[in-house]
Structure formats: C-alpha cells, structure tokens
Amino acid sequence: MFGFNPNDILNATKKVVVLTGAGVSAESGIPTFRDPMEGYWAEFDPETLATPQAFRKDPRLVMEWYQWRRNKVLSSAPNPAHFELAEWQKRFRSYTLITQNVDGLHEKAGSRHVLEMHGNIHRLRCQNMHYHAWPEPYEYPAKCHVCSKLLRPDIVWFGENLDLKILAACRAAILGADTFVVIGTSGIVYPAAGFLDAAQKMGKATLVINPDPGSGAQAQYFIKGKAGEVLPQLSHAIDWD
Ligand code: BV8
C-alpha cells in the first residue's frame with residue numbers, strides 16, 4: 001500500500017516529530033497559500049500582505065484580511081488529519097507536533113503542546129507584546145488595553161523573526177527524534193523549510209506525505225496523497241503495541 005513497511009519508522013517505540021503545513025487544513029476548507037485567493041482578496045499576494053511593511057502602510061487593509069481569514073477558520077472544523085495527529089500524541093513513546101499553520105485546528109482536534117512556529121490567528125498583540133483575544137465584534141482600530149498601541153495578529157510575518165524559544169524547541173525535538181514526518185507543506189518558507197534537510201543530515205528517518213510528488217523528492221520515504229486520507233490508513237497499518 002505504501003511501498004514500505006510503516007512499522008520500520010513508525011511504531012509505538014519511536015520518538016516522532018511531525019511538521020505540518022497548510023495542506024493539513026486544506027480538507028477543512030481552508031485555502032493553502034498555493035491556492036488562489038477568493039473574491040476581493042484575489043488580487044492580493046499573501047507574501048506581500050503578511051508583512052510588517054504592509055501593516056505599516058495600510059493597517060486597516062491587513063486587519064480586514066486577517067478578519068476575513070479568521071472568519072473562514074471559525075467556520076471550519078478539524079478534518080481526519082488533525083484528529084489522527086492528536087491520536088498519535090497518545091501512542092508514540094515520544095511525540096512533538098510542529099505546525100506552520102496559524103488556524104489553531106490542531107488544538108481544536110485535541111493536540112496539546114503544539115509548537116506553533118508562525119503564531120495563531122485567534123490571538124492579537126501590540127508591538128509591546130501585550131496579548132489579547134479578538135474583541136467580538138472586532139472594529140478597526142482595536143487598541144491595546146495596556147499601552148494603547150494598535151493591535152495586530154499574533155502571527156510571524158515574512159521578514160520577522162520567529163519566537164526563539166519555539167524555534168529552539170523545534171530544533172531540539174528534531175535532534176532527539178528517530179523519525180521526522182512532514183505533512184502538507186510546499187517546503188518554501190524558512191526556517192521550517194530547512195528542517196527536512198537538517199533531519200536527513202542527522203540521519204533521522206524521514207517521511208513526506210503530500211499529493212504533490214515534487215514536495216517529497218528529498219525524503220527517505222514518500223506517500224502521495226491527501227493528509228485526511230493517508231493518515232488514518234497509516235495509523236491502521238502501524239503495530240501499536
Ligand atoms: C525569518 C504566517 C529571520 C503568516 C507565515 C527576505 C527578507 C526577509 C526574510 C526572507 C527574505 N527571503 C527569504 C526570507 C526568509 C523568509 C522566507 O522563507 N521567505 C520565502 C517566501 C522564501 N522567512 C521569513 O521571513 C521568516 N522569518 O526568516 O526571520 C529573518 C528576519 C529578517 C530578515 C531575514 C531573515 C518568517 C516566515 C513566516 C512567514 N509567516 N505564516 C500568515 O499565515 O498570514 S508563512 C506561511 O506561508 C505559512 O505559515 C506557511 O509557513 C507558508 C505556506 O507554506 P505551506 O504551509 O507549505 O503552504 P503552501 O500553500 O505553500 O503549500 C501547501 C502544501 O500542501 C502543498 O505542498 C500542497 O501540495 C499540499 N497539499 C494540498 N492539499 C493537501 C496537501 N497536503 C496534504 N493533504 C492535502 N489535502
């Protein structure tokens with residue numbers, strides 16, 4: 001079925017690290033970054049809107065974009081991929097889930113201690129790192145209760161540094177892993193995109209799950225398919241005891 005025996009790299013005795021990207025939320029109806037955007041946002045490029053420059057230039061536009069994306073997330077639900085990965089947390093000897101996604105669907109499906117490399121669309125913050133939930137209803141401009149600065153999404157934009165503690169935790173998890181699994185990412189955005197190569201160089205077993213064969217060329221093992229379909233099949237094939 002997979003062209004290899006999953007138990008060679010994924011059984012209950014293994015220390016497993018999983019990295020997910022937008023593809024894991026695709027079956028929840030959330031467009032990936034590679035998908036063209038819809039409607040009013042069709043003419044915008046995420047890589048230009050998800051930047052501090054865009055926010056400085058037109059904060060209202062950027063906040064409207066995130067409000068639109070957050071509303072899509074609020075109307076979506078975790079799919080079988082999210083639930084399967086939450087199950088994995090209970091079954092491997094050691095398990096760490098790293099995500100590039102900001103939609104919070106892993107947590108919603110029951111995953112805990114998720115390393116959210118790029119932040120979370122449900123949190124706002126000011127430039128002084130005071131954190132807030134989105135006011136309901138949200139009206140621009142929402143200001144920080146502590147320092148009155150303008151609130152922005154608690155998300156890592158292009159050109160911004162990641163939370164160094166989270167980054168260190170990702171790297172430590174991969175260093176200590178037996179197997180590194182990469183699911184639903186085009187592997188374009190750094191530093192996340194560098195993790196697969198680093199894992200390979202450290203001699204870890206590596207598996208990529210993606211419908212696009214191009215995304216998996218570098219890995220030791222590759223399963224072509226959608227995360228929401230492959231992960232339940234994979235779990236079924238693993239000897240868990
Ligand atoms: C940094 C939050 C140090 C935003 C995101 C010039 C100046 C400054 C920096 C750079 C520069 N040049 C390069 C850089 C580094 C830059 C970078 O990597 N740029 C890329 C474009 C080359 N990185 C950064 O800026 C990072 N910070 O480096 O700090 C620094 C600081 C200053 C100066 C220099 C260095 C910060 C990057 C974080 C950006 N924020 N997200 C938001 O969401 O609004 S990134 C965002 O895009 C996502 O979080 C995600 O990481 C990325 C999208 O990637 P994917 O998740 O892979 O999604 P994609 O759509 O691409 O692919 C989907 C995949 O799913 C496909 O493979 C598809 O086949 C597959 N798929 C589809 N359906 C399914 C499926 N798979 C499974 N099942 C399915 N059903």
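Bear in mind the structure is a predicted one, so any value in this text is a computation, not a measurement. Numbering of ligands and ligand atoms starts at 1, following listing order. Heads up: numbering here begins at 1 and tracks the sequence.
- In this structure, Ala192 does not count as a contact residue of ligand 1, since none of its heavy atoms falls inside 4.0 Å of the ligand.
- Protein heavy atom at the shortest distance from atom 21 (C) of ligand 1 is Glu47 OE1, 3.6 Å.
- Using a 4.0 Å cut-off between heavy atoms, Glu27 contacts ligand 1 through its side chain alone, with no backbone atom that close.
- In terms of polar-atom proximity, Gly159 is counted as a contact of ligand 1, with an N or O under 3.5 Å from an N or O of the ligand.
- Every atom of ligand 1 is numbered from 1 in the order shown, and the set under 4.0 Å from a heavy atom of Ala22 is 55 (P), 56 (O), 58 (O).
- Heavy atoms of Arg69 approach ligand 1 to within less than 4.0 angstrom.
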Cut-off 3.5 Å, no hydrogens considered: what does the side-chain donor-acceptor table look like for residues 42-62, sequence neighbours left out?
from: Asp45; atom 1: OD1; to: Glu47; atom 2: N; distance (Å): 2.9
from: Thr48; atom 1: OG1; to: Asp45; atom 2: O; distance (Å): 2.6
from: Thr51; atom 1: OG1; to: Thr48; atom 2: O; distance (Å): 2.9
from: Thr51; atom 1: OG1; to: Ala54; atom 2: N; distance (Å): 3.0
from: Asp58; atom 1: OD1; to: Leu61; atom 2: N; distance (Å): 3.1

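- If you take CG on Asp178 and CG on Leu10, they are separated by 10.0 Å, rounding to the nearest 0.5 Å.
- Polar contact check, Ile209 against ligand 1: no nitrogen or oxygen pair lies under 3.5 Å apart.
- For ligand 1, the atoms sitting less than 4.0 Å from at least one non-hydrogen atom of His118 are 2 (C), 5 (C), 38 (C), 41 (N), 45 (S), 48 (C), 49 (O), 51 (O), numbered in the order shown with element in parentheses.
- Between Lys226 and ligand 1, no pair of N/O atoms sits closer than 3.5 Å.
- On a distance-only criterion, Phe33 and ligand 1 share at least one N/O pair closer than 3.5 Å.
- Classified by interplanar angle (parallel below 30°, tilted 30° to 60°, perpendicular above 60°), the ring pair Tyr95/Trp88 is perpendicular.
- At under 3.5 Å, not a single nitrogen or oxygen of Pro191, backbone or side chain, sits near a nitrogen or oxygen of ligand 1.
- Rounding to the nearest 0.5 angstrom, the gap separating the NE2 atom in His106 from the NE2 atom in His113 is 15.0 Å.
- Shown in contact with Gly21 at under 4.0 Å from a heavy atom are these atoms of ligand 1, numbered in order with element: 56 (O).
- Note that Arg69 lies in the cation-pi zone of Trp65, set by a 6.0 Å cut-off to the ring centre and a 45° limit from the axis.
- The shortest N or O to N or O distance between Glu160 and ligand 1 is below 3.5 Å.
- Taking each of Asp35, Ile155, Asn210, Asp212 in turn, the one with a heavy atom nearest to atom 67 (O) of ligand 1 proves to be Asn210.
- The N/O atoms of Trp65, backbone and side chain alike, include none that comes under 3.5 Å of an N/O atom in ligand 1.
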